[in-house]
Amino acid sequence: MRFAQEKPHQYRLPAFPPPDAPAPERVDALVREQNGKPAALVPECVDAGLARPDLAPPVVATVLWRMWDGVLGLMFRGDGSRPGEEEMARILGTMASLAELGLRSRAAEK
């Protein structure tokens, strides 16, 4: 979140690369590398009883990435759909909570 807020142009390039982006294979490799980081954490969370064992790590990473892209993309809108700072903070907090609850194992709830 901080990266998207502090460096919006750099954030948008891998998140929404333009068709004429220079070195698209490097952008794609960067996306795969960044998605590999949360994907690598899923098995550790499952082993610790914190995450659901039925979740496929690469799929979790992709889903979370795209969900966050959609939410963070609101900051870049140039119309009335762009939230103010306080509303954006509430949106980000809600997104974090929903992501955590969706990943949490039933054992972690007890």
Side-chain angles (χ1 to χ4, degrees):
M1 289 185 292
R2 188 179 316 134
F3 179 69
Q5 292 172 322
E6 293 174 358
K7 300 181 184 277
H9 179 70
Q10 290 91 332
Y11 168 78
R12 284 185 284 207
L13 182 61
F16 308 101
D20 61 342
E25 63 282 345
R26 286 181 41 208
V27 172
D28 188 49
L30 176 64
V31 168
R32 283 195 312 275
E33 176 187 335
Q34 293 305 313
N35 270 359
K37 292 175 183 180
L41 295 175
V42 174
E44 293 177 29
C45 291
V46 169
D47 291 345
L50 300 173
R52 295 174 25 207
D54 62 314
L55 300 174
V59 174
V60 169
T62 299
V63 168
L64 288 174
W65 171 50
R66 297 314 303 178
M67 286 171 46
W68 280 110
D69 274 349
V71 170
L72 292 171
L74 291 170
M75 293 187 306
F76 309 120
R77 296 201 50 111
D79 58 13
S81 295
R82 183 181 184 160
E85 281 188 44
E86 288 181 23
E87 183 182 3
M88 192 65 200
R90 286 193 304 273
I91 290 169
L92 292 172
T94 300
M95 177 63 202
S97 176
L98 291 173
E100 180 185 342
L101 291 173
L103 291 172
R104 188 178 299 165
S105 74
R106 301 235 188 254
E109 294 173 4
K110 297 175 182 177

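Just so you know, residue 1 is the first one in the sequence shown, and it goes up from there. What you see is a predicted model; the values in this text were computed from it and never measured.
- Residues Glu44 and Asp47 form no side-chain contact, since every pair of their non-hydrogen atoms from C-beta on lies 4.5 Å or further apart.
- For Arg26, the CZ atom sits in a loose shell: 12 or fewer heavy atoms of surrounding residues, nucleotides or ligands are nearer than 6.0 Å.
- With a 4.5 Å cut-off on side-chain heavy atoms, Leu50 and Val46 do not count as touching.
- Nearest approach of Leu74 to Ser81, heavy atoms of both residues: CD2-O, 4.1 Å.
- A donor-acceptor pair under 3.5 Å is formed between the side chain of Thr94 and the backbone N or O of Arg90.
- We find the CD-CG distance between Gln34 and Leu30 to be 5.0 Å, quoted to the nearest 0.5 Å.
- Under the 4.5 Å side-chain criterion, counting only non-hydrogen atoms from C-beta, Leu64 is not in contact with Pro38.
- Nearest approach of Met75 to Met88, heavy atoms of both residues: CG-CE, 3.6 Å.
- Both Met95 and Val63 belong to a common hydrophobic cluster when Ile, Leu, Val, Met, Phe, Trp and Tyr are linked at side-chain heavy-atom distances under 4.5 angstrom.
- Side-chain contact between Leu72 and Leu92: present, with at least one pair of heavy atoms (C-beta onward) separated by less than 4.5 Å.
- Note: the hydrophobic cluster containing Leu55 does not contain Leu98 (ILVMFWY, side chain heavy atoms under 4.5 Å, direct or indirect links).
- Placement of Met67 and Phe76 within a single hydrophobic cluster is found when ILVMFWY residues are connected by side-chain heavy-atom separations under 4.5 Å, directly or transitively.
- Atom CD of Glu25 has more than 12 neighbouring heavy atoms from other residues, nucleotides or ligands inside a 6.0 Å radius.
- For the pair Ala40 and Pro43, the tightest heavy-atom approach, listed with the atom from each and the gap, is O-CD, 3.4 Å.
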Step-by-step side chain to side chain contact (heavy atoms under 4.5 Å, CB included) determination, Arg32 to Asp28: CA-CA 6 Å; Arg32 283 195 312 275; Asp28 188 49; 2.2 Å; yes
